[in-house]
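Residue numbers begin at 1 in each chain, while the letters A, B, ... track the order of the sequences.
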Number of protein chains: 2
Amino acid sequence: MTLTVEKTDVKKQAILAKKASKTLSMLTTEQKNKALHILADHLETNYGSILEQNEKDLDRGREKGFEAAFMDRLSLSKERVEDFANGLRQVADLEDPTGKVVSDWALENQLQVQKVTVPLGVIGMIYEARPNVTVDATGLALKSGNAIILKGGSNAITSNKAIVDVMHEALEKTDIPKDAVQFINTTDREATSELFTMKEHIDVLIPRGGGALINAVVNNATVPVLETGVGNCHIYIDKEAELEKALNIIINAKTDRPAVCNAAETVILHEKWFDEHKDAFVEKLKEHHVSIHGDEKVVEVIKDAKLAGEEDWANEYLSLDIAVKVVSSLNEAVDHIEQYGTKHSEAIVTENNETAKKFMMLVDAAALYHNASTRFTDGGALGFGAEIGISTQKLHARGPMGLPALTTVKYMMHGTGQIR
Amino acid sequence: MTLTVEKTDVKKQAILAKKASKTLSMLTTEQKNKALHILADHLETNYGSILEQNEKDLDRGREKGFEAAFMDRLSLSKERVEDFANGLRQVADLEDPTGKVVSDWALENQLQVQKVTVPLGVIGMIYEARPNVTVDATGLALKSGNAIILKGGSNAITSNKAIVDVMHEALEKTDIPKDAVQFINTTDREATSELFTMKEHIDVLIPRGGGALINAVVNNATVPVLETGVGNCHIYIDKEAELEKALNIIINAKTDRPAVCNAAETVILHEKWFDEHKDAFVEKLKEHHVSIHGDEKVVEVIKDAKLAGEEDWANEYLSLDIAVKVVSSLNEAVDHIEQYGTKHSEAIVTENNETAKKFMMLVDAAALYHNASTRFTDGGALGFGAEIGISTQKLHARGPMGLPALTTVKYMMHGTGQIR
């Protein structure tokens with residue numbers, strides 16, 4: 001491919017985005033919502049040109065022999081473009097996260113203090129192949145008053161460019177400056193790393209994709225990062241867990257959508273429960289075609305189970321495989337999760353509320369579950385309306401991030417000449 | 001000096017801190033408050049041993065010929081130790097920032113969702129010479145349920161060690177594990193940089209000190225950082241500013257405490273105001289012994305003013321010097337602040353509320369002032385009770401950071417077997 005931008009162009013684009021973010025930050029909620037509806041309508045009207053360009057990505061994908069699941073995620077249709085448009089309309093319906101007075105008070109000298117939410121400024125979105133992120137992230141950024149710089153995966157670059165072209169046309173008819181949406185039209189990795197260090201022009205980087213992408217951003221960026229998504233999630237089955245409940249939760253968390261970050265990867269069984277229920281456990285997993293990778297105690301008694309090693313404990317399978325560990329205490333389970341967990345979603349199944357409480361206090365993760373599947377860690381499932389990603393970091397935002405994660409605050413002080 | 005710790009000791013200390021943080025996170029508010037009072041009492045009782053060790057730092061400081069202001073900050077007395085103790089008692093009186101239910105709701109399937117504040121875990125505090133930070137930061141960390149690793153400046157290392165020794169003795173009499181307070185007893189810079197990358201054991205680094213220290217941490221740490229304090233603050237005097245109000249605010253922001261981060265460093269004058277009031281302006285600054293470094297328009301008409309260069313616009317003076325720039329519009333003022341400001345505190349003086357609003361929306365800083373001195377950007381002045389630093393970043397916490405900045409959240413989900 002010969003698509004490139006000059007190295008300095010990325011900087012120019014970032015400067016334009018910053019400038020546009022100032023205008024955008026002054027718009028009313030109504031102006032932003034109207035713009036989102038215009039974007040949605042224009043995407044629907046122009047689905048043809050998007051599909052035409054999408055064919056080029058699909059052709060390249062076929063040439064490269066990508067697997068069916070990947071091609072499916074890459075492939076657009078009239079219906080998918082309509083889904084994008086409806087997503088934008090839903091974002092328009094959400095509450096504006098900016099301009100909210102978090103708290104206000106007056107000092108003794110009558111200085112009025114207001115703590116108010118404001119946009120972050122410019123968001124750098126670095127993501128892999130799915131073209132839907134191009135629309136979703138743009139919608140969330142604009143609604144929260146932020147400019148956005150989009151750097152998508154190279155395999156979807158032609159589709160992403162077509163989508164952005166249509167959005168740019170639509171922006172001409174709105175109060176939002178076109179420059180508020182910047183697309184890095186290159187497959188050059190250097191352009192991405194240039195984004196990592198533009199602290200003056202970019203306020204936050206959000207990586208969305210696999211662990212390698214996320215780690216590259218986290219380890220190399222000096223721009224602040226909102227870290228999203230690797231989920232090596234565990235389910236701990238306590239000695240006081242009900243059989244049916246435990247099995248249903250394990251099967252749901254493992255098999256409902258194995259490739260997503262809130263799927264379970266390891267189940268930790270209390271030895272008493274294991275001794276009593278191992279046959280039912282194995283039968284249920286077999287029934288759902290789940291392969292077991294077990295520790296020594298497990299492989300001793302379960303035929304067909306493979307011996308699990310460091311790799312199994314440390315990584316996401318994202319498939320119908322599960323690691324199984326037997327422990328003799330809650331603390332042993334907690335220590336294992338401390339060592340291998342990614343602070344995403346962790347569950348305990350038990351009828352003992354005290355045990356559950358201890359687990360949920362001691363385990364360090366964004367979401368802790370007592371007697372429920374880990375699959376609910378999701379902006380949609382929790383009713384956030386939209387999600388920019390699931391934060392596995394502790395600062396700023398933790399867990400599913402909706403629009404408020406794209407804001408910061410200003411202290412606004414109104415005086416009549418107060419001095420100290 | 002021969003004080004050193006083995007390189008691996010720092011890691012051991014971090015692991016001990018992490019372990020202690022788990023115990024600490026389970027304590028009640030009463031247990032933590034009781035401990036803080038025991039710490040306070042023990043510091044007061046043992047002031048003698050602290051002063052004895054402080055003498056050694058002072059001796060070294062005299063040998064090195066440090067200036068008087070520095071020696072004053074380093075120097076302890078019975079009264080200062082009593083102040084430390086009273087600071088701890090005040091922290092005990094503050095509301096516990098953990099265990100607060102930020103929001104709770106139920107999904108349609110009756111899964112109960114609670115978003116609850118919890119401690120961050122382990123805080124790495126990297127600071128320069130003032131020994132009071134050793135006590136203040138420890139008090140704030142423990143109250144918020146966090147373990148702390150203290151790495152103070154080498155010039156106060158003997159005093160800091162003595163303070164920590166006394167606090168360790170006191171912790172033996174409390175429910176807080178002694179390991180929750182770790183002191184890096186070395187002047188070796190490598191020990192500091194080791195802290196930068198211990199992501200598994202340290203949850204956040206907080207640098208407090210000069211720009212060089214803060215930049216070293218921000219640019220080299222992979223552990224998340226709460227960036228504090230460089231304040232290159234501006235006061236913009238609009239054409240519609242009242243003379244008296246403007247001069248009082250300038251003088252207060254510049255001269256009340258020139259060395260602190262919320263002091264003003266540059267004043268930007270609208271040309272109309274400058275033309276009309278330059279004599280009164282110059283007279284007032286002279287009266288308060290403030291030296292003017294001005295742009296070309298300023299040096300043309302004010303004798304004694306030095307010509308300001310890039311250095312003057314870009315840096316904090318932290319002295320009775322001020323940079324003065326004349327502009328022809330609000331936008332020119334905003335652009336100057338965008339270029340040189342450090343996103344700390346920025347003020348406008350004007351009788352025009354629309355102009356003030358525009359300034360406060362467009363300028364990107366933690367605190368924006370309309371007709372008041374920048375000196376109020378301070379946890380104490382704003383009534384936060386205590387302050388761990390002033391954040392100049394946009395993520396997590398912005399402006400003066402009290403106890404809530406030392407917490408994160410967990411989503412706690414209680415179910416009865418819910419699956420998706």
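For chain A, the option among B:D378, B:T407, B:T23 with the highest count of heavy-atom pairs below 4.5 Å is B:D378. Counting heavy-atom pairs closer than 4.5 Å to chain A, the top residue among B:L226, B:V363, B:V218 is B:V363. Of the listed residues B:M360, B:M361, B:Q339, B:E338, the one with more heavy-atom pairs under 4.5 angstrom with chain A than any other is B:M360. Taking A:G383, A:A347, A:A365 one by one and counting their heavy-atom pairs under 4.5 Å with chain B, the maximum is reached by A:A365. Between chain B and the options A:V113, A:T416, A:N248, the largest number of non-hydrogen pairs under 4.5 Å is found for A:T416.
Atom CD of A:E351 sits in a crowded spot, with more than 12 heavy atoms from other residues, nucleotides or ligands closer than 6.0 Å. Heavy-atom neighbours of B:Q31 CD from other residues, nucleotides or ligands within 6.0 Å: above the threshold of 12.
Annotation: the span from A:I419 atom CD1 to B:I250 atom CD1 amounts to 12.0 Å, rounded to 0.5 Å. Here B:L368 contributes atom CG and A:Y411 contributes atom OH; the two are 13.0 Å apart, rounded to the nearest 0.5 Å. With rounding to the nearest 0.5 Å, the separation of CD in A:Q418 from OH in B:Y369 is 11.0 Å.
Between A:P224 and B:L395, the shortest heavy-atom distance links the atoms CB-CD1, 3.6 Å. Closest approach of B:M413 and A:A367 over heavy atoms only: CE-CB, 4.4 Å. The two residues A:K22 and B:L362 make their nearest non-hydrogen contact at NZ-O, 3.0 Å. Here the shortest heavy-atom pairing between B:L382 and A:L107 reads CA-CD2, 4.1 Å. Residues B:G417 and A:K245 come closest through the heavy atom pair CA-CG, 3.7 Å. Scanning all heavy atoms of the two residues, the minimum distance from B:G415 to A:A372 falls at CA-CB, 4.4 Å.
A:E227 touches chain B through its side chain: at least one heavy atom from C-beta onward sits under 4.5 Å away, while N, CA, C and O do not. In this structure, no portion of A:A397 lies under 4.5 Å from any heavy atom of chain B. Proximity to chain B involves both the backbone and the side chain of A:V409, based on heavy atoms less than 4.5 angstrom apart. For A:N220, no part lies under 4.5 angstrom from a heavy atom of chain B. Within the 4.5 angstrom heavy-atom criterion, no atom of A:D335 approaches chain B. Of the atoms belonging to A:K115, not a single heavy atom falls under 4.5 Å from chain B.
Taking a cutoff of 4.0 Å between a charged side-chain nitrogen and a carboxylate oxygen, A:K410 and B:D364 do not qualify as a salt bridge. The residues B:E200 and A:K343 are annotated as not salt-bridged, no charged nitrogen and carboxylate oxygen being separated by less than 4.0 angstrom. A salt bridge links B:D203 with A:K394: the distance from a Lys NZ or Arg NE/NH1/NH2 to an Asp or Glu carboxylate oxygen falls below 4.0 Å.
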